[in-house]
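Heads up: the structure comes next, in structure tokens.
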Amino acid sequence: MSEQVRGRFITVEGTEGVGKSTNIAFIQTLLDKANIPHIVSREPGGTPLAEEIRNVLVVPRDESMSELTELLLVFAARAQHLKSLIEPALAKGVWVLCDRFTDATFAYQGGGRGLSEAAIEQLQELVQGSLRPDCTLLLDAPVDIGMARAGARGALDRFEQEKQVFFDKVRSAYLQRVEREPARFAVVDASAELDTVQREIALALKPLIELYNGGAHG
Ligand code: TMP
């Protein structure tokens with residue numbers, strides 16, 4: 001019996017209000033059309049326990065959360081998500097489309113909070129081993145545009161309550177990651193018209209999707 005080809009791991013990243021949800025729904029339609037079995041998940045969260053940890057992370061409270069607590073909670077949620085959902089799916093050949101992953105940790109806890117990249121890399125190694133996304137779409141837009149969109153959605157969570165300067169650092173950290181690993185990332189200008197954004201997303205995912213349909217699903 002031939003060995004099961006692993007699923008592909010696609011992540012979608014960006015600062016607040018860049019349109020991740022709308023575009024993740026669009027990517028699902030692309031995968032559906034190509035008959036690619038897939039699941040959609042998000043971080044922090046994705047399993048009942050990881051969603052509880054997400055709640056601790058995002059709900060504003062009187063006691064301020066230390067940067068290190070935040071970092072460890074993000075990776076605690078990720079460890080659970082990987083073990084109970086992501087790894088088993090990929091092993092079965094199911095693609096995983098995930099709203100944020102570890103690039104968000106480098107951007108928010110590293111860039112935004114100023115935690116050391118070395119500390120994040122250590123946890124990445126511990127929690128993920130060699131697992132990395134196959135393709136990461138970075139929806140990039142000027143921070144004020146996204147903040148206005150996020151603000152219009154209603155009550156702000158603990159991260160959304162941060163000031164523009166925090167998100168400027170997050171955005172630059174994302175862009176630095178792209179410079180380091182240009183082959184893994186596709187950067188899409190999320191301030192463009194939705195049609196244009198989705199055309200670019202489809203173009204970025206085309207090679208991966210064609211490879212699935214052209215080869216022995218690999
Ligand atoms: P969301 O905006 O995608 O729903 O994600 C919730 C918040 O979690 C968002 O403001 C970014 C933050 N976050 C981190 O700070 N570090 C991480 O590693 C992840 C995955 C998310």
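First listed ligand is number 1; within each ligand, the first listed atom is number 1. Numbers here simply count residues along the sequence, with the first being 1.
- Taking every heavy atom of Val74 and a limit of under 4.0 angstrom, the matching atoms of ligand 1 come to 16 (N), 17 (C), 18 (O).
- Salt-bridge formation is not detected for the pair Lys169/Glu162: no Lys NZ or Arg NE/NH1/NH2 atom is positioned less than 4.0 Å from an Asp or Glu carboxylate oxygen.
- For atom 4 (O) of ligand 1, the nearest protein heavy atom (residue, atom name, distance) is Arg54 NH2, 2.7 Å.
- Using a 4.0 Å cut-off to heavy atoms of Tyr108, the atoms of ligand 1 that qualify are 10 (O), 11 (C), 14 (C), 15 (O).
- The proximity of Glu43 to ligand 1, defined as any non-hydrogen pair under 4.0 Å, involves the side chain as well as the backbone.
- Qualifying side chain to side chain contact (heavy atoms under 4.5 Å, CB included) partners for Gln122, counting only residues two or more places apart in sequence or in other chains: none.
- Connection of Leu131 to Phe106 is established within a shared hydrophobic cluster, with ILVMFWY side chains joined at heavy-atom distances below 4.5 Å, either directly or through further cluster members.
- Within the 4.0 Å heavy-atom criterion, the part of Gln109 lying near ligand 1 is the side chain and not the backbone.
- Looking at Met65 and Leu73, their side chains come closer than 4.5 Å, going by heavy atoms from C-beta outward.
- Ligand-side atoms of ligand 1 in range of Thr105: 17 (C), 18 (O), range being under 4.0 angstrom from any heavy atom.
- Judged by distance alone, the side chain of Asp134 and the main-chain N or O of Phe9 form a donor-acceptor pair under 3.5 Å.
- Lys20 counts as a contact of ligand 1, since one of its heavy atoms falls under 4.0 Å from the ligand.
- The nearest protein atom to atom 7 (C) of ligand 1, hydrogens excluded, is given as Phe159 CD1, 3.6 Å; this is a heavy-atom distance.
- Under 3.5 Å, the side chains of Thr136 and Arg177 contain no donor-acceptor pair of N or O atoms.
- Between the side chain of Arg54 and the backbone N or O of Pro44, at least one donor-acceptor pair lies under 3.5 Å.
- Other residues, nucleotides and ligands place no more than 12 heavy atoms under 6.0 Å from the CD atom of Glu193.
- Heavy-atom contacts of Pro44 reach the following atoms of ligand 1: 8 (O), 19 (C), 20 (C), 21 (C) (cutoff under 4.0 Å).
- What sits closest to atom 5 (O) of ligand 1 on the protein, heavy atoms only, is Arg100 NE, 3.3 Å.
- Near Glu16, with a cut-off below 4.0 Å to any heavy atom, the atoms of ligand 1 are 2 (O), 9 (C), 10 (O).
- For the residues Ala150, Ala104, Gly14, Gly46, the heavy atom positioned nearest atom 19 (C) of ligand 1 is part of Ala104.
- With respect to Arg6 and Glu87, a salt bridge is recorded, a charged nitrogen being found less than 4.0 Å from a carboxylate O.
- Under 4.0 angstrom from ligand 1, the non-hydrogen atoms of Arg78 all belong to its side chain.
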